[in-house]
Amino acid sequence: MTDTPTYVNPLRDPEDRRLPRIAGPCGMVLFGVTGDLARKKVMPAIYDLANRGLLPPGFSLVGFARRDWADQDFAQIVHDAVKTHSRTEFREEVWRQLSEGFRFVPGDFSDDMAFDQLRRTIEELDLVRGTGGNHAFYLSIPPKFFGDVVQQLEEHGLSEQRDGSWRRVVVEKPFGHDLESARELNDSLGRVFPPASVFRIDHYLGKETVQNILAMRFANAMFEPIWNSNYVDHVQITMAEDIGIGGRAGYYDGIGAARDVIQNHLLQLMALIAMEEPTDFRAESLRIEKQKVFESVTLPRRLDLTTARGQYTAGWSGGVKVAGFHDEEGIPQRSKTETFAAITLGIDNRRWAGVPFYLRHGKRLGRRVTEVAVVFKRAPHLPFHASATEELTQNTLVVRVQPDEGLTIRFGSKVPGTHLEIRDVTMDFAYGGSFTESSPEAYERLILDVLLGDPPLFPRHQEVELSWKILDPILDHWARQDQRSGKPDRYQAGTWGPPSADAMMARDGRTWRRP
Ligand code: BG6
């Protein structure tokens, strides 16, 4: 084999992606600084990036909130968040340099004077920190305020990109609660920012193990030939959490498991597993392939038999007694919001025709685990006495997204001895065992990509719309069931969901994995 290819694609990205990418001069404005996400994820990720030397020396962070704070109060909030949640060690000199770029602007979203002050603050930072007019506005706030904030940014000249500088907006899910509201949300962002300046965060795409799905599929020769309906029996995508809804009743009630997680994280995982090889890894090439998957998704006719939903009741989690969903603070007794959802989808193309994709997510399940299991068909013929393979199940490839990140392949092997018996064994790849570097947090990668203007890991609006088109009929079906006095089933906290989820699989002659 020679290193010099005979043919060269003139369009392919010429950049050597092994080199660390460092953001150029820029700053970030964070709306919603008091929220959970800002404290637990965004602020620590900014520090971790600074600690890894990936932020420009003059990076600035402006907090905006309805609080009577001075710059030092804001710095203290970030300091506490970083000390508690950052991934990398705390280094005084990194902190000192970073925090010199912190500013705070008090005000609410309708306060013109506050946005004027924000403009002046940014101008001052451009001068003293050399941020070059490049700023990302991170809206870590409920989506109902997106429209107001971007309008204010426009009216106060904050969205305008001048003399080669950039302005970007970063939004977090939920991107709407159905197709219509997603379109409205997109329109309100699109009135001010061009599509290339809107970065929608689906933090699952920032996870190493999720990015590795494409590396595993397309950098290797051995998986792709069997990655189709000739060999694959079905695919199970599971995101199980042991936590309940915690203090998030305000957000969660009325949203539920399907909108919170399936519409975004799990459908994105499905797209990465099912898509064709993209021509390259540019955002547009990825979007085209993911979009084709979403466009090919089919729903079973009988949604009553192929979906399941439930709400957790009191039970045990990690040896501790925990309350049921209806006893969580802020949840009305009559709430029909599901905390567990399972759905069945098909993908109507040559590769996947006839292969069901089962997606499930729930809170307060047996343990925290996210995985994609590709379950293969049985060998067409077994030249053994039936008793020899009694314990043999189906070959499975499991992408272990978290925790215990890695990949497992399960296959049959002869049990040592003079007799002939074949049992399942597993072959494991674990990140911890193969690499010395620890994986960056999803938010580190995604925030850096925003600052670099690198969009492949951010879902485009078309994908968001298509995801709602897939989910809306299921949500409508559940809403109709509720009107006919139906309600989600119950499952005890610490178990693996309602019996209806098992029944749904049993109808197809299959069972859920118990990871
Ligand atoms: C969020 C959901 O998107 O993902 C939460 O809104 C969920 O309900 C969280 O708990 C899980 O993220 P992770 O990275 O811990 O799996």
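Given the structure is predicted, the values throughout are model-derived calculations rather than measurements. We count ligands from 1, going down the list as the structure has it; atoms in each ligand are counted the same way.
Here the protein heavy atom with the shortest distance to atom 12 (O) of ligand 1 is His203 NE2, 3.1 Å. Protein heavy atom at the shortest distance from atom 6 (O) of ligand 1 is Asp260 OD1, 2.6 Å. Scanning the protein for heavy atoms near atom 15 (O) of ligand 1, the closest one is Arg368 NH2, 3.6 Å. If you check which protein heavy atom lies closest to atom 5 (C) of ligand 1, you get Arg248 NH1, 3.4 Å. If you check which protein heavy atom lies closest to atom 10 (O) of ligand 1, you get Glu241 OE2, 2.5 Å.
Residue Thr370 places no N or O, backbone or side chain, under 3.5 Å from any N or O of ligand 1.
Ion pairing between a basic and an acidic side chain is recognised when a charged N comes within 4.0 Å of a carboxylate O; Glu444 and Arg52 show such pairing. Using a 4.0 Å cut-off between charged nitrogen and carboxylate oxygen, Lys207 and Glu405 do not count as a salt-bridge pair. For the pair Arg248 and Asp36, the salt-bridge criterion is not met [side-chain N within less than 4.0 Å of a carboxylate O].
Set against the non-hydrogen atoms of Lys173, the atoms of ligand 1 under 4.0 Å away are 1 (C), 2 (C), 3 (O), 6 (O). Set against the non-hydrogen atoms of His265, the atoms of ligand 1 under 4.0 Å away are 1 (C), 3 (O), 4 (O). Set against the non-hydrogen atoms of Lys363, the atoms of ligand 1 under 4.0 Å away are 5 (C), 7 (C), 8 (O), 10 (O). Near Lys207, the atoms of ligand 1 lying under 4.0 angstrom from a non-hydrogen atom of the residue are 13 (P), 14 (O), 16 (O). Atoms of ligand 1 lying under 4.0 Å from any heavy atom of Met239, numbered from 1 in the order shown and given with element: 11 (C), 16 (O).
Judged by the 6.0 Å and 45° rule, Lys83 forms a cation-pi pair with Phe90.
Within a 6.0 Å sphere centred on NZ of Lys336, heavy atoms belonging to other residues, nucleotides or ligands number more than 12. Counted within 6.0 Å of NZ on Lys321, heavy atoms from surrounding residues, nucleotides or ligands total more than 12; the atom is thus considered enclosed. By the 6.0 Å contact criterion, CD on Glu284 is enclosed, its count of non-hydrogen atoms from other residues, nucleotides or ligands being greater than 12.
Here CZ of Phe145 is found 13.0 Å from CZ of Phe31. Values are rounded to the nearest 0.5 Å.
Residue-ligand proximity: Tyr252 is placed with every non-hydrogen atom at 4.0 Å or more from ligand 1.
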